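Proteins come first, then strands; the chains are lettered A, B, ... in the order of their sequence lines, and each starts at number 1. Keep in mind it's a predicted model, so treat the numbers as computed, not measured.
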There are 2 protein chains.
Amino acid sequence: METSAPTLSRKAQIDQTATRLFRRRGYAATSMRELATELGIEAGSIYSHIRSKEEILHRICFRLADEFMQGWRNATADAHASAATQLRRAIESHVHVLIHNVDASAVFMHEWRHLSEPAHGEFLQLRHRYEANFRELIARGVAAGELHTPDPAFAALTLLASLAWLPSWYRPDGKLGPEQIAERLADQLLGGLAPAG
Amino acid sequence: METSAPTLSRKAQIDQTATRLFRRRGYAATSMRELATELGIEAGSIYSHIRSKEEILHRICFRLADEFMQGWRNATADAHASAATQLRRAIESHVHVLIHNVDASAVFMHEWRHLSEPAHGEFLQLRHRYEANFRELIARGVAAGELHTPDPAFAALTLLASLAWLPSWYRPDGKLGPEQIAERLADQLLGGLAPAG
DNA sequence: CCTACCGATCGGTAGG
DNA sequence: CCTACCGATCGGTAGG
C-alpha cells in the first residue's frame with residue numbers, strides 16, 4: 001500500500017495518505033483539513049468518499065489484521081511440518097507483511113486504541129488471538145522436544161516484542177533486505193530456543 | 001510516581017494524573033478539561049501551577065530519560081566487571097526503573113513525538129545515546145570474546161525491543177515480580193548471546 | 001482556585 | 001468537488 005501505484009481510487013488515495021499522516025503525527029493529532037490539503041482538495045470534499053475519520057482508521061487496522069492472520073494460516077497450513085519450521089515460516093510471513101506495509105503497520109501497532117466500541121474490542125480480540133497463536137506454537141514445540149526454553153510464554157513475549165519493534169527501525173534503504181531481516185530474526189530467536197548441544 | 005504518596009504538591013498531582021491519562025488516551029486526545037475534572041478542579045485553575053500542556057509531557061519524558069540514564073551509569077560504573085555482567089546489570093536497572101514507573105514509561109515510549117522543537121530533538125538524542133550504549137556494550141563483549149552473536153547491532157535491537165515492549169504487558173499483580181522479570185529477561189537475552197558450549 | 005471568556009480549530013453537513 | 005457553515009471543543013488568559 002505504500003508502494004506507488006499508477007491509478008488509485010480516491011478512497012484508496014485517502015486511506016494511503018491518511019496512513020502516512022496517522023503514522024507521523026498520530027491519529028488524534030491529524031486533522032481532516034491536513035489530510036485534505038495533502039490530497040489537494042477541500043476538507044468537506046473528503047466526506048463524499050468516506051463517512052468519518054474513524055472509518056479510515058478502522059479500515060487500516062482491520063486490513064492489516066487480516067493480512068497478518070492470512071499470513072499465519074499460510075505459514076502453518078502444513079500440519080506435517082515441525083513446530084520449529086512452522087514458527088520460522090510464521091516469523092517470515094509476519095516480517096513480509098510488515099515490510100510491505102511499514103506505515104500501516106505502525107498505525108496498526110499504536111493507533112488502534114482510538115477505535116471506539118465495538119471495533120476496539122473486536123480488534124483487541126484479533127490481536128490476542130494472533131499472539132496466542134505464537135505462544136501455543138512455541139509451547140507445542142517445547143512439548144514435542146523440538147524447542148527448549150524455561151518459560152514458553154516469556155519466550156513468546158520477546159518474540160512478539162521484536163516483531164512489534166520492527167516498523168520503528170526498519171528503513172527500506174537499509175543494508176538488510178526484507179528476506180535477510182526475516183531470516184536473521186528467525187535465526188536469532190530460534191537459535192535461543194534450539195535444543196542445547 | 002505511580003505509588004500512592006501521603007501528600008503531593010498540586011504540581012506533582014497534576015503530573016501524576018496527567019501521566020495516567022496520557023497513557024490511557026494518548027497525549028493529543030487528552031484534554032485539559034478531563035485532567036481538571038480528574039483532579040476535582042476547574043480547567044483554568046491548572047494554569048496557576050503549570051504553563052502549558054506540553055510542559056507536563058516534557059517533564060514526564062525527561063524525568064524518565066534521566067532515571068534510565070542514571071541507572072545505566074550505576075550499572076556500568078564498575079570498569080572491572082565483564083561486559084556480560086555490566087549488560088546484565090543494565091538490563092536489571094532498566095526493568096527496575098520501568099516497573100516503578102509503568103505509566104510514565106509508556107508515555108516515555110509513545111508520546112514523546114508530540115514534543116515540539118527543540119525538546120523533540122533533545123529527547124531523540126538522549127534516546128539514541130541510551131540505545132547506542134547498549135549496542136556498544138554488546139559489541140565490546142563480542143570483541144572481548146565474552147559474548148557471541150553474528151550481528152551485535154541486531155542483537156541490541158531485539159534486546160531494546162523487549163525492554164520497550166515490557167510496559168504493555170507488565171501487570172503489578174502478575175505472577176512474575178520485578179526481580180524475576182529482570183532476571184528472566186537478562187537470562188534469556190544473555191543466554192542467546194553466551195559463548196556456545 | 002473560580003468565573004467568564006478569548007480566538008482557533010475540530011469533525012462533519014447542506015446545498016449546489 | 002467546492003462554498004459556506006454548524007455546534008462543540010480545544011488550550012489558554014484576565015481579573016478577581
Side-chain angles (χ1 to χ4, degrees), chain A residues 5 7-62 107 110-120 123, chain B residues 5 7-62 107 110-120 123:
Chain A
T7 42
L8 282 177
S9 72
R10 218 12 155 184
K11 191 168 170 176
Q13 280 180 48
I14 291 172
D15 283 2
Q16 191 187 50
T17 306
T19 300
R20 188 160 35 84
L21 290 176
F22 289 173
R23 188 205 179 160
R24 190 191 311 153
R25 323 228 309 111
Y27 173 77
T30 303
S31 76
M32 297 303 274
R33 277 154 181 86
E34 273 181 274
L35 176 54
T37 302
E38 204 84 355
L39 288 162
I41 60 179
E42 294 302 315
S45 308
I46 297 180
Y47 291 90
S48 353
H49 303 95
I50 62 151
R51 269 168 308 194
S52 70
K53 185 186 177 186
E54 188 177 330
E55 190 198 274
I56 306 176
L57 180 63
H58 187 283
R59 256 199 313 276
I60 298 170
C61 290
F62 282 84
V107 173
H110 297 119
E111 307 299 331
W112 57 268
R113 59 189 171 139
H114 292 109
L115 291 168
S116 56
E117 299 298 345
H120 183 269
F123 181 88
Chain B
T7 42
L8 281 177
S9 71
R10 216 14 152 189
K11 191 166 170 178
Q13 280 180 48
I14 291 172
D15 283 1
Q16 191 186 50
T17 306
T19 300
R20 187 160 34 85
L21 289 176
F22 289 172
R23 187 207 179 157
R24 191 192 310 153
R25 322 230 305 112
Y27 173 77
T30 302
S31 75
M32 297 304 273
R33 279 153 180 87
E34 274 182 274
L35 177 54
T37 303
E38 203 86 358
L39 289 162
I41 59 179
E42 294 301 316
S45 308
I46 296 181
Y47 291 90
S48 352
H49 302 96
I50 62 151
R51 271 169 304 196
S52 70
K53 184 186 178 186
E54 189 178 329
E55 191 198 272
I56 307 176
L57 180 65
H58 187 282
R59 257 199 311 277
I60 297 171
C61 291
F62 282 84
V107 172
H110 296 119
E111 306 299 331
W112 57 268
R113 59 188 172 141
H114 292 109
L115 292 168
S116 55
E117 297 302 344
H120 184 270
F123 181 89

Note to self: I'd like to compare against my own output: the B/S/- annotation of nucleotides 9-16 of chain D with a strict under-4.0 Å heavy-atom distance to protein.
What the structure shows: -BBBB---
Margin query: With a 3.5 Å distance limit and no angle check, can you tell me whether T17(A) reaches the backbone of I14(A) through a side-chain donor-acceptor pair?
Written below: no
Check: Does S9(B) have any side chain to side chain contact (heavy atoms under 4.5 Å, CB included) partners at least two apart in sequence or in another chain, and if so, which?
Finding: K11(B), A12(B)
Notebook entry, point to check: Can you name the residues that form a side-chain hydrogen bond (donor to acceptor under 3.5 Å, both in side chains) with E38(B), not counting sequence neighbours?
Noted result: R20(B)
Check: Taking the side chain of E42(B) as its heavy atoms from C-beta onward, which of dC1(D), dC1(C), dC2(C) lies nearest to it?
Finding: dC2(C)
Next item on the list: Only counting residues at least two apart or in another chain, list the ones meeting side-chain hydrogen bond (donor to acceptor under 3.5 Å, both in side chains) with R10(B).
Entry: Q13(B)
Margin query: According to salt bridge (charged side-chain N to carboxylate O under 4.0 Å, His left out), who are the partners of R24(B), at least two apart in sequence or on a separate chain?
Written below: none
Item checked: All side chain to side chain contact (heavy atoms under 4.5 Å, CB included) counterparts of R25(B), not counting sequence neighbours -> T30(B), E34(B)
Checklist line | For H114(B), side chain to side chain contact (heavy atoms under 4.5 Å, CB included) partners two or more places apart | finding: A29(A), Y27(B), A28(B), L57(B), E111(B)
Check: Starting at the 5' end of DNA chain D, what dot-bracket string do you get if Watson-Crick and G-U pairs under 3.5 Å are bracketed, crossing pairs use [ ], other-strand pairs use | and unpaired bases use dots?
Finding: ||||||||||||||||
Notebook entry, point to check: With sequence neighbours excluded, what pairs up with S52(A) under the side chain to side chain contact (heavy atoms under 4.5 Å, CB included) test?
Noted result: E54(A), E55(A)
